[in-house]
Amino acid sequence: MAIIERPATEPVVAPTPTPAPIVTPSEAFGTFRRPVETTGWRAWVFTVDHKKIGVMYGAAALFFFVVAGLEALLIRAQLAGPEGTVLSADVYNQMFTMHATTMIFLFAIPMAAGLANYLVPLQIGARDVAFPRINAFGFWCFLAGGIVLNLSWFLGGAADGGWFMYQPNASVPFSPTNGVDFWALGLQIAGIASLTGAINLIVTILNMRAPGMSLMRMPVFTWMILVTQFLLVFAIPVITVAFFLLTFQRSFDAAFFSPAAGADPLLWQHLFWIFGHPEVYILVLPSFGIVSEVLPVFSKKPLFGYPFVVFSGIAIGFLGWGVWAHHMFASGLGPVSVAVFATATMAIAVPTGVKIINWTLTMWGGKLRFTTAMLFAMGLVVQFTIGGLSGVTHSVAPSDTQQTDTYYIVAHFHYVLFGGSVLGFFAGFYYWWPKVFGKCLSERLGRWNFWLMIIGMNLTFGPMHILGLQGQPRRMYIWTTERSGEGFFNLGFWNLVSSIGAFILAVGVLFFLTNIVHTHRKGAPAPLDPWDARTLEWITTNPPKEHNFDRVPTVSHLDEFFHRKYEDVGEGDAHDLRAVATAEEVLAAEQAQADAQIHMPSPSYWPIVVAATLPVIALGIIYGVYIVSIVGALLMVFGIFGWAMEPGTAPDSDFDPSPVDDGGPTTELVRSE
Amino acid sequence: MSESTTLDETATGTDATAQHSPEPPDDGHAHGATDGQYIVIALILAVITAAEVSLSYMDVGPIFIPALLVMMAVKFVIVVSYFMHLKFDNRIFSFLFYSGLLLALGVYVLALATFEFFA
Amino acid sequence: MLAVGAIAAVTLTACAEDAPQDTWQPEGENSTRIHNLQWPVFAIAGVVGLLVFLAIVWVVIRYRDRGQPIPKQSHGKPALEIALTILPALILVGVAVPTVGTLMALAETDDTECSVNVYGQQWWWEVEYPEQKGCGGIDREFVTSGQMVIPTGTKVLVSGTSRDVIHSWWIPALNGKKDMVPGRVHTVRTQADEPGIYAGQCTEFCGLSHANMRMEVVALDPGDFETWKANQLKPYAAPEEGSIAAEGESAFISQCARCHVVDGLDDGGVNAPEQFVYSRTAPNLTNLMTRNTFAGATFDLLTDECRERVWEATPEEFGERYLEGVTPECLNEVDLRAWIKNAPAMKPMYTDGTKLGPTDGRSRGMPALGLNDDQADQLVAYLLERN
Amino acid sequence: MSDAATLEAQVAHDDHGDHGGHGGNGAGHPPTTTGLSHNKLGMWLFLGSECLLFGGLISTYMLYRGRASENLGPDQIYDLPFTSVSSFVLLMSSLTMVLAVSAAGRKDVRNVKLWLTVTALLGATFVGGQVYEFTSFYREGLGFTTSLFSSSFYALTGFHGVHVSVGIIMLLAVVGMISRDRIPGDRAEVVELVGLYWHFVDIVWIVIFTLVYLIPA
Amino acid sequence: MLTNGSKLLLAGTTLAAVAAIVYGVTQDGTLGVVGLLSAAIALGLLAGIVIATRDGNVSAMDEAAAQTAVATHVAPEGNIWPLIVAGGAALVVLGLVTQSAFVMLGIGLLLIAGLQWMVDAWSQSASADGTFNRDARARFAGPLEFPLLATAVGGVVVFSFSRIMLFLSKTAGPVGFVVAALLILAGGFLFASQRSMRSTAVAGLTAFAALGLVAGGVAAGLDGERFIEEHETTGLLGEESECDTTDETHADENASQTVGNKAAIMADITLDAEGELTSKAPGQQASQRIVVGRGNPSNIIFHNESDEPRRITLTTGQRPLLDEEGEEIEGQTTPDQRCTALAEEGGSQLLTFRIDKRSAVADEAFELTVPGVEGQAIEVVVP
């Protein structure tokens, strides 16, 4: 400290300090100033732009898809032959638990969130989501949850109780490692990501639509995302209660699920499946939305029965809440409850049927172009039908007591999940890749990818129907020749076929990864409207500008973009569609009336700070060092209040005055002078 | 979750983020009750609570639990409609809150029914 | 065409004589009732699947882009939509009515003619015949494990629970599965038409050796059942002096009696499984050699040929062959000795002393006793006499 | 009480949703499709989802209320007069909260700060009452792990207590931020949102009070 | 703000802290942890100082830097934090001598004051312009100050109010509660209506009330709570083998007569008007004998239809008698019993038990008896 000596005697008139130059934020705050860069790693870590967050969600989800895929290959390698020795019993139990948990919580939900984050604002003509910083917080929470979940591999073994972690097998005496604690708290943190994402997207869809876009003029993908988010917003709190009770049981030895204290293990099953069943509709509805966007574009026909598809989506979402106990037909519910839930489960097959019929009728009479995206979409329609029908066979409760917990159920949900949401996601990748990255994925590699995946999928999961009906239970780390039989339908042959199929599937996915690398290195820039699309997100450049639309378009029709490109000039019922404008002209017309000032939300580091404190709290609880949790909670409160006191759009005082000398481009954000 | 079509509204904003648009009249504060009425509502709530507690000391036979539940529901609706302004606000707020509430009620009552809780 | 293959495979399983746990080979009244409901639903599903698949193939061929003008932008025909919604709904109502009927019938418990209790614990099943007037009258309850013997043609009510985690009792040939949840008692109607062995397996994930927790139901004619029952209740026959079996008996008391029980053997009050095993019980070995499997019905007491003779026996000769039990020539010495000397090596269990903190020192499964060869010989000899 | 502290730590992170919600977009929201502010829509949706959370805890309690070991059940332990007074206090805090919100509507800063402080004080006395109740139950032998009844009772009322404490911190922090003018967004809306949260926590207590304390086991 | 020196030291701090955690988790030697933690704290302090003084490198040679170096421009304003740090240190020492609570309080003060001092020092030298400095300070101190202040105020009220409640008797508690609430409400309405009351008067009154509350709380806290009697439970009856008494014991006070629904009820045992004890299991006829699975928690419900309050007792052989300190007294055994509270006429009670020993092996049969009703027993068989 520079101590200034004051002479003792006469009062010294402080010399008027020469006005020091105003200090720029980076000098005053250094690393803690508000981030404003738009390039480099800071642009990604502190971004609040829905497009950057969408791409980060997609990349992280794809990484976890590959991780879970490898886990699946290890499982199939262990079961390829009798008395398999690839994995020991304990490691096998961890492998299938983490395969299922990673696929559902760290691939399917975040991938749907990524696509939704990227596309919903573009499809409804908004410049960003309603709460941009919560959107960033959601992504970092998902990543923190994924890391905590997978940290268990290195700290004593992962969770080994199956993805629905039935009690009391998941309580401490039967699963002594910390795996289940990491599982519960990791998914708790990832659950926060889904809850905040859901609130964010619902408010965005309800409140930030372009002028003229009524709810019945919204694209179907946005409709399915809206239903999915409503399911999420009401399902996540139920699993949050279940995880809290599980953590209290494991870390603070409460007795919620231990039968010795008189508890009822079925309480966990109810709480889990009240979340679990809406969860599986959360996994598949986004892909229904994607297919409902892709099929019309490549059939050159609007979606057949738009209101029916929308209301059947809502019906699935609504009925999804009344069927959860069909997972528990053999768990000992009374006959009356089983009857109620069996009929409700059958009722849910009707709206699903409506969707399949409408997709087929959309293609009927169309002008089908079989690009890879179209192939994947049609693949979904076929494979999901098989999965849906095998689902109906065990909605019949008595025959479900023969099929539940066998490989027949494994076959069902893989046809529905892989055939449903994964094929849907891949259709989405191929369809929207030019919009997101500006280049089309190669169609040649795409075809290899599609056919290998379809063949691999049917070879892997088709035989599982047979294995299930031959009585092979789920989650068996080993099968022996004694119980496999010799006839045509013996377990030995079909287990081997299934394992080979799994590796073909893996090669198919490998083709997709090479396609990505190939496109980024040598792909030609995509045309503005490669597929002659129909919806609003295509009235932007590829990839869209930071603020999406220069002028928020006014919507007057469903499939607005198509209506701006084509006019029906035929008289009476004769129809004659004539192209009146190319995509470039439509875009130019919009850009001509660009807004002068556009205020975009500024990046902020508070979301990542608050998200980073959650794993600290979780580790403190798991290892019983509560001081660490308290410090983590203190930091979280600090982060939350720092966030609350930070204005959404940064005032000018946060920007360094543009240095005159280097003349570099000022921040790309248009700053109001 | 069925979105009633009446939700789509007269979107007037010509420009999503027009500069310095006049502050739209915030709907919450235009009307609602005056302070005096709030105090009266609070007294009503206090009276109902007192009634509930005294009822639990008296032995009124089988109607005891239904009466308690009715009084609870009345207090609940009073606070939600008046103190939380739901009665005077846009119908979307009521839709969002009551869909969550009724869903919770339905799902958990059905779950407890499978435990033969009400038998 | 692959999708068609998958659907065809699903329907073709109806006529396969294959894995012992085949769910399409009903052998009892209950499983037949389920089967009569199950295969029509599969047929309907197959037909609907085929229709949708053919529609897609037709669309791919007929409406391929051959340069035709942009098709009519039809937004849908509501009439067709409603029809194609009501049709599946009707089909489903048609499926729902018999479902509820079968469901209620399978939940009946008051026409029980014989009741057997079952306890699941980590990685083996205990079968207990309580004292009752049913099953031809049982005047003293007795306990066995792994194989449940029932008279043919009788309505047996299996009521079971679990002593640790959730297991599931499932004999595909006789009825659907029912989870055995600790703290609750659940019932399963079981009835076999013909004598034979009906295989089953625990089908609710229950930890390390979920795959090795099997059980079998043996159905005998009422006459054979009476002889089997009488044999179970016969008093304890101590091995005569000086024989290896007598040394086996003392070895049994010193090594095995801490957890296992042989009715009638005076073990000097040593038996206290609740201090050594977390599920607080161990299999009752009184008539071990009348069963032909051990260790959660995962390993065979019979050599392969003897086992073949019993499994392949025709219904008429099955009863007599099963009642022979395990003769010294037919004993599968290799597995039994390996199990006695080091059980965890053959079946993954939680018996490593260092890691038993959470269950306060009690193992889940049989620990490795580290016996030498002659102790093993003595025990094998002694167990051979438990028939 | 150490459980309450860690409970607070865990639940606090669960509540980030609404604080973050305040940080929404700028002063006086730009014109939206429904004409309503994003923050308020987000808050009502958040309250809708919280119904599911408390519904789960309440149904767990209702299932396990009868399973008290060794005859230390609800009838022996509940002190009805005290709990009815604490319900009365929470109701009055809802009144003072509404007065604060209407004062904020009138831009009367002095009364806003006053009524927010009074609400926080009433909330603090309610939580003080809860802490007293937990201590006396603990002294009477009802630990967190004594029986299923006690675990589910402490979980439910503990969760609610933590939500009230988080509410008190928000109220007092808003008073501080108003006096130092640190609130970036529209001040009346911030007070209204805190009010919505506070009223929600109060109506959850109305349900808990009737189902847990008044209906006999 | 984060100059190179401070980055180096900050990295050192985090490295030492992480090493301490990893060492603590992997090995269990405390020496290593203590060493690494102290290194972390030391490096942390150094980092703080270096940040505050911005590496102190206003070198003489760099004339321009000396001119613009802000520290030379603005004389640091006076602030209170050094005083509080000194107070905190004194409190810690005092606490070591007297109660440990003061040590905690002292450490708390040290931490808060140290942090505030650092932020003040940093913000005052952030730039020459005063308002910018205050804004800079608010940007970092604000998010912690507001919540911590709020928690402190709320915490004080909660703590002192709960101590007062614990001090008052069970009947005076609610009265005190109502009075406190009405006082607060009245104060609120008074201040709200008297717009002319200057804010200092309001602040004065609230301060006075707060002081009164804290004084009451500390007083009540110090001389201890009222005697809250541990609730005697039926489990204790079994341990002190009082299960055979027919008269009312402490555990039988207002024993709840309604029986909660337990998942699996093994049997209903009824003592009818004539003193007949029969057991009825679901699906079987009434008998004098029940079969209980070994080592499996089971529940039975005892219905008392006789005309006197009765309890049911389960006797499962003998157990060694324990003296006061819990050591076994050689040779003496006492019946190993569990029992329910007294069920009044028409009432019912629930008994949960688990038997690990086989009944055939035990020296005397296990049975369910009702104290005071001779000759009636239900035999309990455990296979």
Side-chain angles (χ1 to χ4, degrees), chain A residues 89 162 166 168-169 172-174 176 259 265 300-302 304-305 308 330-332 335 339 342-343 346 350 353-354 357 360 363-369 382 385-386 389 392-393 396-399 401-402 405 458 462 465-466 469-471 473 475-478 483 485 487 489-491 575 577, chain C residues 2-3 6 9-10 13 16-23 34 37-38 41-42 45 49 52 55-56 59 63-65 68 70-73 75-76 81 84-85 88-89 92 96 99-100 102-104 106-107 165-166 172 176-179 181-184 186 201 203 205 207-208 211 348 358-359:
Chain A
Y166 271 0
N169 184 32
V172 173
F174 302 107
K300 281 267 179 298
K301 261 181 71 200
F304 188 90
F308 275 84
S331 299
T343 34
M346 287 177 198
V350 172
V354 164
I357 288 160
T360 320
M363 292 190 275
W364 198 276
K367 179 175 152 74
L368 306 179
R369 273 188 311 123
V382 172
T385 309
I386 299 173
L389 290 170
V392 171
T393 60
V396 177
S399 65
T401 56
Q402 288 284 31
D405 277 326
N458 283 294
H465 288 99
I466 304 166
L469 293 176
Q470 291 303 308
R475 298 167 165 179
M476 271 171 49
Y477 80 98
I478 203 164
R483 288 284 173 96
F489 293 108
N490 66 65
L491 303 184
H575 66 85
L577 273 171
Chain C
L2 265 164
V10 163
T13 49
E17 168 69 57
D18 303 290
Q21 288 174 201
D22 183 355
T23 57
I34 294 177
L37 179 67
Q38 179 168 300
V41 172
F42 271 87
V52 169
I56 300 287
V59 157
Y63 297 105
R64 172 186 298 279
D65 179 4
Q68 71 265 35
I70 297 178
K72 178 175 181 312
Q73 301 294 303
H75 279 275
E81 293 269 9
L84 288 175
T85 315
L92 286 170
T99 302
V100 175
T102 317
L103 191 63
M104 291 304 170
L106 286 172
V165 295
I166 298 178
K177 60 180 70 63
K178 187 57 91 62
D179 282 4
V181 177
R184 297 170 77 108
H186 292 153
Q201 198 168 350
T203 39
F205 181 65
L208 215 47
T359 53

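Naming convention: chains lettered A, B, ... in sequence-line order (proteins, then strands); numbering from 1 in each chain.
Top candidate by heavy-atom pairs under 4.5 Å with chain C, chosen from A/Asp405, A/Thr343, A/Val392, is A/Asp405. Here A/Pro302 is the residue among A/Gly366, A/Pro302, A/Pro173 with the most heavy-atom pairs under 4.5 Å with chain C. Heavy-atom pairs under 4.5 Å with chain C peak, among A/Met476, A/Arg369, A/Lys367, at A/Lys367. By number of non-hydrogen pairs under 4.5 angstrom with chain C, the leading residue of A/Gly353, A/Pro176, A/Ala342 is A/Pro176. Of all the listed residues (A/Gly471, A/Ala397, A/Ala339), the one sharing the greatest number of non-hydrogen pairs under 4.5 Å with chain C is A/Gly471. The residue among C/Ile70, C/Ile56, C/Ile166 with the most heavy atom pairs within less than 4.5 Å of chain A is C/Ile70. With chain C as the partner, the residue from A/Ala89, A/Pro398, A/Gly485, A/Ser399 showing the most heavy-atom pairs under 4.5 Å is A/Pro398. Your options are C/Glu81, C/Gln38, C/Gln201, and the one with the most heavy-atom pairs under 4.5 Å with chain A is C/Glu81. Chosen from C/Val41, C/Thr203, C/Val52, the residue pairing most often with chain A at heavy-atom distances under 4.5 Å is C/Thr203. Annotation: maximal heavy-atom pairing with chain A below 4.5 Å, among C/Pro20, C/Pro88, C/Ala89, C/Ala55, occurs at C/Pro20. Heavy-atom pairs under 4.5 Å with chain A were tallied for C/Leu92, C/Thr359, C/Leu106; the largest tally goes to C/Leu92.
Using modelled atom types, one side-chain atom of C/Lys177 and one backbone atom of A/Thr401 make a donor-acceptor pair closer than 3.5 Å.
If you measure heavy-atom distances from C/Ala107 to chain A, the contacts under 4.5 Å come from the side chain alone. Only the side chain of A/Val354 comes within less than 4.5 Å of a heavy atom in chain C; its backbone stays farther off. With a 4.5 angstrom heavy-atom cutoff, A/Phe174 touches chain C via backbone and side-chain atoms both. With a threshold of 4.5 angstrom between heavy atoms, C/His186 approaches chain A through side-chain atoms but not through N, CA, C or O. For chain C, the nearby parts of A/Ile478 are the backbone and the side chain; heavy atoms of each come within less than 4.5 Å.
Expressed to the nearest 0.5 Å, how far CG of C/Leu84 lies from CZ of A/Phe308 amounts to 10.0 Å. Here the CG atom belonging to A/Leu491 is positioned 9.5 Å from the CG atom belonging to C/Asp22, to the nearest 0.5 angstrom. To the nearest 0.5 Å, atom CG of residue C/Leu37 and atom OG1 of residue A/Thr393 are 11.0 Å apart.
Between A/Gln402 and C/Pro172, the closest heavy-atom pair is NE2-O, 3.0 Å. Across A/Ser331 and C/Val181, no two heavy atoms sit closer than the pair O-CG2, 4.0 Å. Nearest heavy-atom pair across A/Pro335 and C/Leu103 is O-CD2, 3.7 Å. A pairwise comparison of heavy atoms in A/Leu389 and C/Ala45 identifies CD1-O, 3.4 Å as the closest pair. The minimum heavy-atom distance between A/Asn169 and C/Gly207, with the atom names listed, is ND2-N, 3.8 Å.
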Criterion side-chain contact (heavy atoms from CB on, under 4.5 Å) on A/Lys300 and C/Asp65, from CA distance to verdict | CA-CA 10 Å; A/Lys300 281 267 179 298; C/Asp65 179 4; over 6 Å; no

Check the pair C/Thr85 / A/Val350 against side-chain contact (heavy atoms from CB on, under 4.5 Å), numbers first and verdict last.
-> CA-CA 7 Å; C/Thr85 315; A/Val350 172; 3.7 Å; yes

